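The structure appears below as structure tokens.
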Amino acid sequence: MPGEAGDQLVSALYRELQPQLVRILAGNLQAPEWVIDDACQTAWGLMIEHRDAVIPGGELGWLATTATRAALRLLRRDRLAQRYEALPAPVTLAAFRAPAPEHQLEVRERLAEIRRLPVRQQRLVMLHGFGYEYDEIAAVTGETRRTVARQLTRARQRLLRLVDEG
């Protein structure tokens with residue numbers, strides 16, 4: 001299909017096959033109209049570029065396959081773009097406020113009290129302070145749930161005694 005004769009053939013095919021191609025894509029894909037239009041135009045552009053590889057009489061099948069693949073790529077890209085748009089804005093250092101000096105002192109005192117516990121109880125208290133549940137702490141440390149509960153109770157009792165002494 002060299003030159004002008006090839007262009008006229010593609011124009012005639014476009015007029016004949018474009019409505020069918022749109023119906024095929026709309027029936028096969030749950031996609032917005034813009035995706036179907038873009039996919040069809042991509043398929044036609046590729047057909048012009050590779051028209052020697054398209055078997056005469058098989059143009060509609062070739063176009064439908066190519067357009068479907070293009071539509072799926074567009075939908076995938078759109079889905080990724082939406083995922084990135086949904087991300088929250090990053091936290092900036094300007095938004096970070098240092099805690100008040102009184103609060104910092106209180107936290108340091110509590111940490112000093114926790115350091116006076118046995119190492120095993122320190123680890124369990126810290127994990128519980130980070131929000132782990134008893135079952136999760138047991139899984140991480142290799143202890144039973146009952147041991148975790150007992151050690152945390154002993155740690156609390158010891159911390160209360162340390163606070164009363166201090």
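This structure is a prediction, so every number in the text was calculated from the model and none was measured.
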With hydrophobic residues grouped by side-chain heavy-atom distances under 4.5 Å, do [X] and [Y] end up in a single group?
| X | Y | answer |
| --- | --- | --- |
| L159 | L152 | yes |
| L21 | V54 | yes |
| I24 | L46 | yes |
| V22 | L60 | no |
| V125 | F130 | yes |

*How far apart are the closest heavy atoms of R145 and A138, and which atoms are they?*
N-CB, 3.9 Å

*Shortest non-hydrogen contact between I36 and A26, atoms and distance*: CD1-CA, 3.6 Å

*asked:* Within a 6.0 Å radius of atom OH on Y132, are there more than 12 heavy atoms belonging to other residues, nucleotides or ligands?
replied: no

Pair up each side-chain donor or acceptor in residues 102-116 with any protein partner under 3.5 Å, not counting sequence neighbours, and list the distances.
from: E106; atom 1: OE2; to: R110; atom 2: NH2; distance (Å): 2.8

Please report the interatomic distance [atom1]([X]) to [atom2]([Y]), rounded to the nearest 0.5 Å.
| X | Y | atom1 | atom2 | answer |
| --- | --- | --- | --- | --- |
| L9 | Y14 | CG | OH | 15.5 Å |
| M126 | Q121 | CE | CD | 14.0 Å |
| T141 | L127 | OG1 | CG | 7.5 Å |
| L117 | Q122 | CG | CD | 6.0 Å |

Within a strict 4.5 Å, meaning less than it, do heavy atoms of the [X] and [Y] side chains meet?
| X | Y | result |
| --- | --- | --- |
| L75 | P32 | yes |
| L17 | E59 | yes |
| R146 | Y134 | no |

_If we check side chain to side chain contact (heavy atoms under 4.5 Å, CB included) with V148, which of these qualifies: I137, D135, T153?_
I137

*Test E143 against every option in R150, R120, Q151 by the side chain to side chain donor-acceptor pair (under 3.5 Å) rule and name the one that passes.*
R120

*Output every pair passing side-chain hydrogen bond (donor to acceptor under 3.5 Å, both in side chains) with a member in residues 15-31, not counting sequence neighbours, ordered by first then second residue.*
Q18-W44

Atom pairs and distances, side-chain donor-acceptor, residues 61-70, under 3.5 Å, sequence neighbours left out:
from: T65; atom 1: OG1; to: G61; atom 2: O; distance (Å): 2.9
from: T66; atom 1: OG1; to: W62; atom 2: O; distance (Å): 2.8
from: T68; atom 1: OG1; to: A64; atom 2: O; distance (Å): 2.7

